[in-house]
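One structure coming up, written as structure tokens, with questions to follow.
Order of the sequence lines sets the chain letters (A, B, ...), proteins ahead of strands, with each chain counted from 1.
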Amino acid sequence: MSNGRDKILSRAVKEIEDGMCVNLGIGMPTLIADMIPADVNVMLQSENGLLGIGSYPDADDVDPDLINAGKETVTAKSGASFFDSAESFAMIRGGHIDLAILGGMEVSESGDLANWMIPGKMIKGMGGAMDLVQGAKKIVVIMDHVNKHGESKVKKNCTLPLTGEAVVHILITDMAVFEFTEQGMKLIELQDGVTLEELRNATEATFIVPEQLQ
Amino acid sequence: MSNGRDKILSRAVKEIEDGMCVNLGIGMPTLIADMIPADVNVMLQSENGLLGIGSYPDADDVDPDLINAGKETVTAKSGASFFDSAESFAMIRGGHIDLAILGGMEVSESGDLANWMIPGKMIKGMGGAMDLVQGAKKIVVIMDHVNKHGESKVKKNCTLPLTGEAVVHILITDMAVFEFTEQGMKLIELQDGVTLEELRNATEATFIVPEQLQ
Amino acid sequence: MRKVITSLEEVVKQIQDGSSIVVGGFGLCGIPEHLIMKLQEQGTKDLTIYSNNCGVDEWGLGLLLQNKQIKKMVASYVGENKLFEKQFLNGELEVELVPQGTLAERLRAGGAGIPAFYTSTGVGTEVATGKEHKEFNGKTFIMEEGIVADYAFVKAWKADPFGNLVYRKTARNFNPVVATAGKITIAEVEELVGIGEIEPDEIHTPGVYVQHVFAGKDYEKRIERLTTSKKA
Amino acid sequence: MRKVITSLEEVVKQIQDGSSIVVGGFGLCGIPEHLIMKLQEQGTKDLTIYSNNCGVDEWGLGLLLQNKQIKKMVASYVGENKLFEKQFLNGELEVELVPQGTLAERLRAGGAGIPAFYTSTGVGTEVATGKEHKEFNGKTFIMEEGIVADYAFVKAWKADPFGNLVYRKTARNFNPVVATAGKITIAEVEELVGIGEIEPDEIHTPGVYVQHVFAGKDYEKRIERLTTSKKA
């Protein structure tokens, strides 16, 4: 699975363009930060009130007053700003964040996302995910294509409670990359070593296959 | 009329208690600032983004970046803060300002206030007056009791466009002081040298006269 | 992130006739002098302007009135401007008067992705006419809608190249909310400092809201009512 | 203006069983440690708490859970707390989960006298159930209501005797909006400075929102996820 994760992350980082303000979700998306090329200048936003997340601190520089949304100690890069939670979500809800990359549990063919709750499991809460999927200009979801039982997480309809309806723009899995268009969910790339047939077998959702990938 | 104005201002300043945050309207109310006793510690709010208005500056200290809501150059006292207009009206609308003292054109017996517009005259706009009358904890209106034609400005119903409906708590004129209660408009003081009969003759509104003033 | 521009020309010339612009400032304090003058010079017409005031006859947004560039003005107080009255009475100028706090909140809401909110300001007055009324806890409120404009003109004191802004004293006023409410926000500032030179805890407007930064020279900062202490 | 208190006792003892309290902080960062501990010590029960998180099992708001003082919790994320789950499943604890941005905005709205606003956050999800839906420009939004609580617990870095507050780094988080949303707001701070010692342009929370100021000692500032750079 580590190989799959690398594929996902390597592809996800390509969504980040020079000059963007980007929110990376907690968990796997956070790992993308370290992979951003040095010549791509971005400002990473943390919904607890920081625009311009820096690297993790040296042990000597740890500051309990400086954490990211995953509650990890971080640093602030040059040009960073701090602000309160209302301002932070004004940025997000108001469409000022260019891109959010979030983890997913299920994505449907109409771009619905479920990533906050599994009924019957411990309640945790949605945190800022519902705000991000509505507010950021572009929503990229990254997740494994199938669950540990081999079942497709790319669904006709989500079975888990939704985080947002028709909110995903790009879905990146370890098997493929999809774009959500007015015509429907559309395959835009196959990951290395994956055939279209393998993808079809592993995918519950119906998707459009452009000519050059057929 | 200058004598009347002095009576109004002298009475109005008594509404200001130690520890209050107070907004003084443009025009006559602004004059109250200089009359606040030195041992009454208040913070004066200016809706353009200042809590803690100081005195007018010396000629050498004039700063075009530091004005009050009447666009006069002012200073900031020790402990003052600057903030943006949304924050300023969050304070006002949210009920965090203890007292607003505003000028009036007409006040009705149900506590309606008209103070922003005379139909047919030049349009100016309501500025922050409509927000203040809804938001501040206590609204004191100061005005001459009658207009230059000798007609009562204390009305059964306002004839001018309203600033707010049933918003006035205390009305101070050059003839009397009224309180607006659930029972109606109630006389609480006669200004020096004014008889109840004179007041009745000069007042269109119906008001309650408590026993001790009869 | 090439936000710093050395001339306003290149940006202002993209503003089309019929555009909507939110403009910071209170009276003549904290107004984007250079942006207004450049827009006057360019002569862009049929503008819808949202700003607390409309300048005075010869300065600030009054310059655009003079030039008959404004089609509609949304403001809370326009009493300082004789041209304003004349154009309004002639039918050359549409006017929407908005209570000052409602105007500030509508700008903040627009910038924060909030399409509408409820306020008691204006209930029972002309301002409430035609607006949705709703009760909360036995009190009546009216619905007011957020404002998003094509452009935002902001004046700040200092900026860094990312567009982080700091304002000075009451020149802050509407500028921070205006900065959030433009699809394209242009900030003119008195001083451009290096990245990292503004303390992150002291930034008033994070650079995410700002698309272009211009360091203006020779600010006039006209004073509307010079008032000084009367010394004995 | 006697806002400075030298003991939390006198103020916290006025908090009655059944009160509602908004509490600042994000995770364990910027939480009002001393106020929470004093409330735990006092044992006030049946509280409704609004806060982004509910601490961890042995710290922060988790202390009040431990003591079974919370009747209802309104939060956006409570995944760090095992006691929370247990009490919820037992039916001892009512829970309302609110999206983080909606929670922040509801607190700001409550403090700003705005009874309700519209947001697209939560549309099409469980969060929208039972809420008013409305369309603006062809998009659907839901109505969310402002929050005002009996008390607000705030943690700041510095205060002056008027209650002007400055926060430090991401310890700011919910604290400024929480400060506005309490009928009585109590701020605990690391340092109390003299009046006028905070630059007026750098104040984050104007003192008008704050009723009591307390300088706390020996802040623990526990770290939830210590993460450091991996040096070669």
* Asked: What do you reckon, is NZ of D/K13 surrounded by more than 12 foreign heavy atoms closer than 6.0 Å?
  -> no
* Asked: In terms of heavy-atom pairs under 4.5 Å, which option from B/A86, B/G135, B/A80, B/G52 contacts chain D the most?
  -> B/A80
* Asked: Which atoms form the tightest heavy-atom contact between B/H96 and D/G111, and what is the distance?
  -> NE2-O, 2.7 Å
* Can you see which heavy atom on D/A112 is nearest to which on B/R93, and at what distance? => O-NH1, 3.0 Å
* To do: Would you name the heavy atoms of D/I203 and B/S81 that are closest together and state the gap between them?
  => CD1-CB, 3.6 Å
* **Proximity breakdown for D/D201 and chain B, heavy-atom pairs closer than 4.5 Å** => both
* Can you sort out the partners of B/K124 under salt bridge (charged side-chain N to carboxylate O under 4.0 Å, His left out), two or more places apart, ordered by chain and number? => none
* To do: Nearest 0.5 Å please: distance from the CZ atom of D/R2 over to the CG atom of B/N41.
  => 8.0 Å
* **Heavy atoms of other groups near D/K45 NZ, more than 12 under 6.0 Å** => yes
* To do: Looking only at non-hydrogen atoms, find the nearest pair between B/S78 and D/G196 and report the distance.
  => OG-CA, 3.4 Å
* Structure fact -> For B/L51 and D/P206 the tightest heavy-atom approach is CD2-CB, 4.4 Å
* Asked: For D/E199, what residues pass the salt bridge (charged side-chain N to carboxylate O under 4.0 Å, His left out) criterion, not counting sequence neighbours?
  -> none
* Asked: Within a reach of under 6.0 Å around CD of B/E182, are more than 12 heavy atoms found that belong to other residues, nucleotides or ligands?
  -> no
* To do: Measure B/E87 against the heavy atoms of chain D and call it side chain, backbone, both or neither at under 4.5 Å.
  => both
* Give me the contact list for residues 207-217 of chain D versus chain B, heavy atoms only, anything under 4.5 Å, ordered by residue number. => D/V208, D/Y209
* To do: Kindly write out the residues that satisfy salt bridge (charged side-chain N to carboxylate O under 4.0 Å, His left out) with B/D65, not counting sequence neighbours, or none if the list is empty.
  => C/R168, C/K221
